[in-house]
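Every value quoted in this text rests on a predicted model; they were computed, and no experiment measured them.
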Amino acid sequence: IRLLSAQIPYIPHNIYVGDGIHNKLKFIELTEITIPEGKYTIYSLINKINSLLTNISIAFDSTTHFISIKNATGDDITIDTDYPLWKRLGIHEKITILNSTTHDSTHIPDISVHYIDIVSPDIHPKGSTLTNNDSTILKRLPLTGQMGDLIYYEANHSDYISQEFFMPDISSNLATFNLNLKRHDGTPYDLKKLHFDLKLEISELIEPTLLNELASHMRRDRERFIDNEGSSIEIGGIDYSLNN
């Protein structure tokens, strides 16, 4: 499966519900707050957060680009980093902020959405375009644009060739396959009911005799050369092992 082209609407929201907590923040001792979905700058986001907190204030330093949190609640408070928006704000560790003190972040906040992945959970990992053993990402598209834009992608020769064909094995048989659009954090990219367009090239091995023969020969060789204790042996450069 190769992606030849894509037209995907640019959805500007960088604060989104995701799986239910991506637009929420919480201190362990306090009730969580919910930030409405939308397109925020770091300044408008902090202003919105401050309007939802009581006796806690967050500030952004335009010179250092770090944020600081001031606690004036009268009690110690602890940042609950199970809420992923904290990490996007530059707070990666669970920190207790003592009363009447200020905590400075050690990471620069990044609330942008850099890309979306076109994911097919059904494809064989060897058919993906990311070089790891369990990826099912068909293509990664940079997410840049303005409200109302379409994100265009068209495979040039280099991109086309990089989506390499692979010799499938028996487990690669597909009756159907699904496609999902996901943000960098794995949450679904919500199209807000707008239309998108993907153009795919699908190559199919119509005659599976070769694969069936290969599987048969491997079963025969395993029976001949491998003992029942699960050891393996290399024959002609191929490592035969049980269950592999």
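With salt bridges taken as basic N to acidic carboxylate O contacts below 4.0 Å, one links Asp117 and Arg140. Between Asp82 and Lys26 there is no salt bridge, since no side-chain nitrogen of the basic residue lies less than 4.0 Å from a carboxylate oxygen of the acidic one.
Taking 4.5 Å as the limit, some side-chain heavy atom of Ile91 sits within range of a side-chain heavy atom of His103. Taking the side chain as every heavy atom from C-beta outward, Asp75 and Asn99 never approach each other to under 4.5 Å. Proximity of Leu4 to Leu200: side-chain heavy atoms (C-beta onward) are nowhere separated by under 4.5 Å.
Judged purely by distance below 3.5 Å, without hydrogens or angles, the side chains of Thr78 and Thr96 pair a donor atom with an acceptor atom. With hydrogens and angles left out, the side-chain atoms of Ser112 and His114 include a donor and acceptor closer than 3.5 Å.
The salt bridge (Lys or Arg N to Asp or Glu O under 4.0 Å) analysis of residues 30-48, with sequence neighbours excluded, yields the pairs Lys24-Glu32, Glu37-Lys192.
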_As a quick check of understanding, evaluate side chain to side chain donor-acceptor pair (under 3.5 Å) for Asp185 and Tyr16, giving each step before the final call._
CA-CA 12 Å; Asp185 56 8; Tyr16 42 82; 2.6 Å; yes
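Asn23 places no side-chain N or O within 3.5 Å of a backbone atom of Ile15 that could act as its donor or acceptor partner. Side chain of Arg88 to backbone of Pro109: no donor-acceptor contact under 3.5 angstrom is found.
Proximity of the aromatic rings of Phe60 and His65 is defined here by a centroid distance below 6.0 angstrom, and this criterion is met.
Within the model, atoms OG1 of Thr81 and CH2 of Trp86 stand 10.0 Å from one another, a figure rounded to the nearest 0.5 Å.
Counting Ile, Leu, Val, Met, Phe, Trp and Tyr side chains that sit under 4.5 Å apart, directly or through other members, Tyr152 shares a hydrophobic cluster with Leu150.
Under a cut-off of 6.0 angstrom, the local environment of OH in Tyr153 is crowded, with over 12 non-hydrogen atoms contributed by other residues, nucleotides or ligands.
Relative orientation of the His184 and Tyr115 rings is perpendicular, given thresholds of 30° and 60° on the angle between their planes.
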